[in-house]
Amino acid sequence: MRVTFEVNGRPVTADDVWAGESLLYVLRERLGLPGSKNACEQGECGSCTVYLDGVTVCACMVAAGQAHGRRVRTVEGLSSPGGGQRLDAVQEAFLEAGAVQCGFCTPGLLVQADDLVGRTARRGLGVPGDAEIREHLAGNLCRCTGYEAIVEAVRLAAERADAAVRGGAR
Amino acid sequence: MSETTAPASTGLPTATRDGVGASPLRPDGALKATGEFAYSSDMWTEDMLWGATLRSPHPHARLLGVDTAAALALPGVHAVLTHEDVPGEKRYGLEYADQPVLAFGKVRYKGEPVAIVAADHPETARRALDRIRVDYEVLEPVSDPLRAAFDPDCPLVHEEGSVPDDGRHRRGGNLARHQPVRTGAFAEGATVEELRARADVVVTGSYEVGMQDQAFLGPESGLAVPAEDGGVDLYVATQWLHVDQGQIAPCLGLAPDKVRLALAGVGGAFGAREDLSMQVHACLLALRARRPVKIVYNREESFLGHVHRHPARMEYEHGATGDGALLYAVARIVLDGGAYTSTTPAVVGVAASMGVGPYAIPNVRVDAYGVYTTNPPCGAMRGFGAVQACFGYESQMDALAARLGAHPVDLRVANALAQGSRVITGQRIDAPLPMAEMLLRARDAPMPPGRSALPDPADPRTLPGGVSATVLGEGVVRGVGYAVGMKNLCFSEGFDDYSTARVRLESVGGGPAVTVHTAAAEVGQGLVTVQGQIARTELGVERVTVLPADTRVGSAGSSSASRQTYMTGGAVKAACEAVRERVLALARERGPVPPGARLSLSGGAVVSASGDVLVPLAELLDGSPVEETREYHHRATRMVDPVNGQGDSHVQFGMCVHRAVVDVDVELGLVKVVEMTAVQDVGRAVHPQQLVGQIQGATAQGVGLALMEEVQVADGVIRNPSFTDYLIPTVLDTPPMRIDVLECPDPAAPYGLRGAGEPGTLSSTPAVAAAVRAATGRALTRVPIRPEDIVGLPAPRRRR
């Protein structure tokens with residue numbers, strides 16, 4: 001079948017898609033967007049987290065056909081929808097805080113963290129607390145870091161977004 | 001709130017930014033954060049095929065025949081191969097070549113590869129697997145490691161000759177290795193009864209450690225591309241490119257230089273990528289189909305496709321005098337190695353030599369066994385035999401402290417090893433070992449606030465069970481536990497695991513630039529960052545490029561045993577020193593340098609002792625790059641004696657101390673780890689931020705083993721091969737951590753550093769277990785601790 005949808009602000013079409021293929025497979029193997037990762041393909045690890053019409057989902061649990069006509073945003077589209085080189089503030093915070101080791105969980109965590117910052121600090125609703133950050137990331141497994149640096153990175157990104165919203169530096 | 005104290009500077013004389021002791025950003029970080037970093041499962045070429053593997057459904061069976069005709073007839077299928085299609089050696093292995101590339105004769109574990117397929121779509125490949133007919137004669141599984149080890153009537157997993165025997169370890173039967181250690185009166189033939197009679201206090205215990213999975217997130221995967229010269233190029237995630245190459249080439253019947261490996265992005269390792277998985281299969285299919293072939297395991301297949309941490313059954317007895325001085329220790333450690341040897345003999349060597357921990361005990365009798373069964377093969381995982389023993393001896397130390405009425409830290413301090421002490425193999429600890437100080441620092445660290453001090457003690461997010469809790473914390477009891485672990489670092493027992501580095505310094509675009517090339521596997525730990533730091537420090541040049549790792553340069557050894565910063569760091573340092581020597585000679589030859597002046601490299605220039613720039617490197621090296629390659633070897637070690645376990649078998653010792661604070665719902669059997677404190681001596685922190693990340697990650701894996709992680713095996717069958725059923729800690733299961741880093745340099749090591757990746761995995765688990773014991777008053781002799789263990793229900797009947 002043919003599947004047409006929007007990825008990172010760009011219309012895309014994939015042909016000869018087998019009905020059993022996931023959105024993750026189509027992104028990775030047919031559209032040249034391997035940033036979303038294939039760690040469990042059971043919806044348990046969050047490594048393939050993408051936005052589907054603005055809601056974070058595990059792309060492995062979405063059949064390719066379900067994405068037809070909808071908007072998808074992946075880690076490749078975080079820095080600026082449609083592409084671009086500059087790192088987004090959440091990505092920068094992950095690097096500064098040492099939240100990236102092997103990095104396989106990083107794309108999914110970045111999307112999920114971006115979602116939290118977008119729901120809170122960027123809307124002027126303040127910096128989420130430790131418990132809120134942990135609760136929001138509970139569906140994303142990381143095996144390298146012990147999560148300390150990840151929680152720190154999300155806090156850092158939220159603090160910067162909060163400062164920007166309040167007209168501070170940056 | 002977590003807190004971290006790490007040193008800010010190493011005191012090394014350098015004017016160059018981002019050298020040793022700084023925490024520069026990792027060079028692969030931006031690519032990993034944008035999704036562009038190419039992991040092994042991201043490899044892609046236009047005309048590639050997908051490989052898939054047919055695995056045995058039986059843990060133990062005779063293989064009578066394989067019929068591939070129907071699979072080959074399926075449109076889209078390009079190759080279907082069995083053991084008959086393996087052109088070279090039919091078996092491979094890290095220590096002994098005993099693991100079949102594709103099964104023949106017998107299958108010895110459920111999941112053993114029997115046939116492989118290449119097809120134009122992964123689903124086509126899966127459907128082809130369904131069409132392969134295999135005839136088995138099912139045999140009784142050999143599931144009980146104790147029976148396999150000690151019952152002479154137990155069936156053999158390996159018949160005569162199926163494990164090539166070099167006489168080092170094998171004594172026949174189902175034993176891969178038995179390593180005894182005897183010291184003091186036990187070396188003179190004393191019996192346990194004689195020592196027991198001399199002790200005021202005796203504690204005994206039987207302990208069990210479940211099978212842990214490394215659970216890296218990036219699945220086993222790679223792309224094999226057939227080359228015009230009849231060879232193959234393999235892009236793969238591994239821990240050691242050259243040991244892969246050395247195993248793959250003989251199986252393909254090719255010379256090693258025809259099998260070229262390049263490291264693709266590695267999504268974590270933790271020991272599980274030391275053994276081969278899909279490497280030979282992808283190469284065989286690519287060479288047969290004359291097309292690139294990609295293999296990517298799914299998560300279930302990953303549980304079948306790599307070795308796990310050895311589950312252990314352990315019997316301990318400790319005797320002490322009434323004042324708390326250890327008099328003797330006896331341990332029997334049985335490690336289930338599963339179907340094939342992998343690294344079991346080396347794991348046994350570690351379990352034996354580290355078997356009673358970092359304590360001064362005058363009389364010791366240890367027997368460590370590695371056993372063949374038809375359970376899933378076990379091999380390397382972070383901590384490598386020392387993790388299992390640490391749970392045993394630390395549980396014993398707590399039991400002894402309780403019997404003596406002593407604080408668990410005081411008992412440990414009273415019996416602590418120190419620099420100058422000897423471990424039970426007789427090896428003298430010649431580097432600093434501030435064990436007593438570390439224990440006291442862990443005990444004296446500030447405590448997290450109690451539950452009554454929380455703003456809302458009924459907030460379910462603070463309770464065991466989290467937001468799914470059905471109670472308000474009425475049954476929650478806090479507990480605190482301590483543990484210490486010691487781990488040998490780098491390869492032991494006579495293994496010369498050298499590393500090679502090639503370093504080039506040249507003038508590029510009017511400025512000096514350094515290129516570092518090694519075959520060392522970056523698996524997430526940050527080795528690429530460290531290599532750059534060392535080059536900056538040694539050559540005084542900020543612009544450093546670390547080339548992708550491949551087999552075009554000599555071996556770097558394995559990214560395991562906490563060894564790469566030591567070994568490949570040492571190799572990069574040595575190569576830089578050789579480059580520097582040549583550059584300074586060049587400066588003396590060409591430049592305006594006073595004869596006999598002491599020179600160094602700093603800020604991209606040759607400078608005098610007083611720091612004056614004598615000649616910029618870009619000018620000196622214009623058109624004449626300097627390149628040197630060096631091998632770095634650690635000091636020699638030797639095999640321990642097969643009878644008494646004595647010998648200087650280890651390079652270096654690492655240590656970590658943990659304090660665990662837990663809240664246990666003693667009615668529901670649920671645990672929330674409130675905080676973990678870790679104190680670790682690292683000799684010298686080369687990259688403080690990455691270092692702390694290693695200790696945090698190790699701590700989390702230890703928490704997982706203590707409370708939730710177990711590959712459940714029944715009659716040789718894994719019951720939970722998924723992340724739905726094999727639970728690794730989420731961010732909610734992992735507590736805030738307090739990491740306290742000490743730097744007591746080891747004079748034998750580069751920059752004084754001490755390997756740091758593993759020690760935290762040892763002490764984390766028994767510290768959590770001790771804390772849960774303190775909260776519940778239960779003995780808890782098995783990890784992971786299950787809810788029924790806490791509430792005291794009889795364990796559900798488990799099929800063994």
Side-chain angles (χ1 to χ4, degrees), chain A residues 18 20-21 25 28-29 32-45 47 74-76 78-79 85 87-88 90-92 94-107 110 130-152, chain B residues 1-2 4 23 25-26 28-39 41-42 44 121-123 214-219 265-270 296 298-299 459 461-462 467 523-526 689-690 692-693 695-701 722-724 728-732 734 736-737 739:
Chain A
W18 169 63
E21 285 177 18
Y25 184 89
R28 289 176 52 78
E29 306 295 342
L33 292 169
S36 307
K37 290 290 168 266
N38 55 326
C40 79
E41 297 181 82
Q42 291 181 313
E44 292 289 349
C45 74
S47 303
T74 71
V75 68
E76 286 96 341
L78 273 190
S79 52
Q85 293 299 307
L87 291 178
D88 164 77
V90 181
Q91 292 167 321
E92 271 183 7
F94 265 63
L95 297 184
E96 283 175 39
V100 178
Q101 286 190 29
C102 94
F104 212 78
C105 69
T106 303
L110 284 168
D130 199 81
E132 192 177 351
I133 293 173
R134 287 177 183 267
E135 206 62 54
H136 198 79
L137 303 182
N140 292 75
L141 298 177
C142 167
R143 190 55 160 167
C144 296
T145 64
Y147 302 103
E148 283 286 270
I150 291 169
V151 173
E152 179 59 34
Chain B
M1 202 55 48
S2 58
T4 293
S23 289
L25 295 181
R26 46 184 311 147
D28 56 6
L31 288 175
K32 285 179 173 177
T34 55
E36 293 162 278
F37 187 76
Y39 292 89
S41 52
D42 301 335
W44 195 88
H121 188 286
E123 183 58 23
Q214 299 85 351
F216 50 54
L217 291 190
V266 183
F270 317 116
V296 182
N298 65 26
R299 185 49 55 178
D459 181 345
R461 296 178 301 184
T462 69
V467 291
V523 298
Q525 79 278 49
Q689 186 190 58
Q690 289 186 171
V692 166
I695 300 172
Q696 291 165 336
T699 300
Q701 291 184 354
S722 72
F723 281 165
T724 308
I728 68 173
T730 70
V731 68
L732 292 174
T734 311
M737 299 178 198
I739 310 293

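Per chain, numbering begins at 1; letters A, B, ... match sequence-line order.
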| task | Select, from B:Gly526, B:Pro219, B:Ala698, the one with the greatest count of heavy-atom pairs under 4.5 Å involving chain A. | result | B:Pro219

| request: Indicate whether the side chain of B:Thr724 and that of A:Glu44 have a donor and an acceptor atom separated by less than 3.5 Å. | output: yes

Structural part of [X] lying under 4.5 Å from a heavy atom of chain A:
{"X": "B:Ile728", "result": "both"}
{"X": "B:Glu123", "result": "side chain"}
{"X": "B:Thr699", "result": "neither"}
{"X": "B:Tyr39", "result": "side chain"}

Examine whether an atom of [X] lies under 4.5 Å from a heavy atom of chain B, and if so say whether it belongs to the side chain, the backbone or both; otherwise answer neither.
{"X": "A:Cys144", "answer": "both"}
{"X": "A:Ala97", "answer": "backbone"}
{"X": "A:Ser47", "answer": "side chain"}
{"X": "A:Val151", "answer": "side chain"}
{"X": "A:Leu110", "answer": "side chain"}
{"X": "A:Glu21", "answer": "side chain"}

Quick check on the interface: out of [options], who has the most heavy-atom pairs with chain B under 4.5 Å?
{"options": "A:Cys142, A:Ala138, A:Gly20", "value": "A:Ala138"}
{"options": "A:Gly35, A:Gly43, A:Cys40", "value": "A:Cys40"}
{"options": "A:Thr74, A:Val90, A:Val75", "value": "A:Val75"}

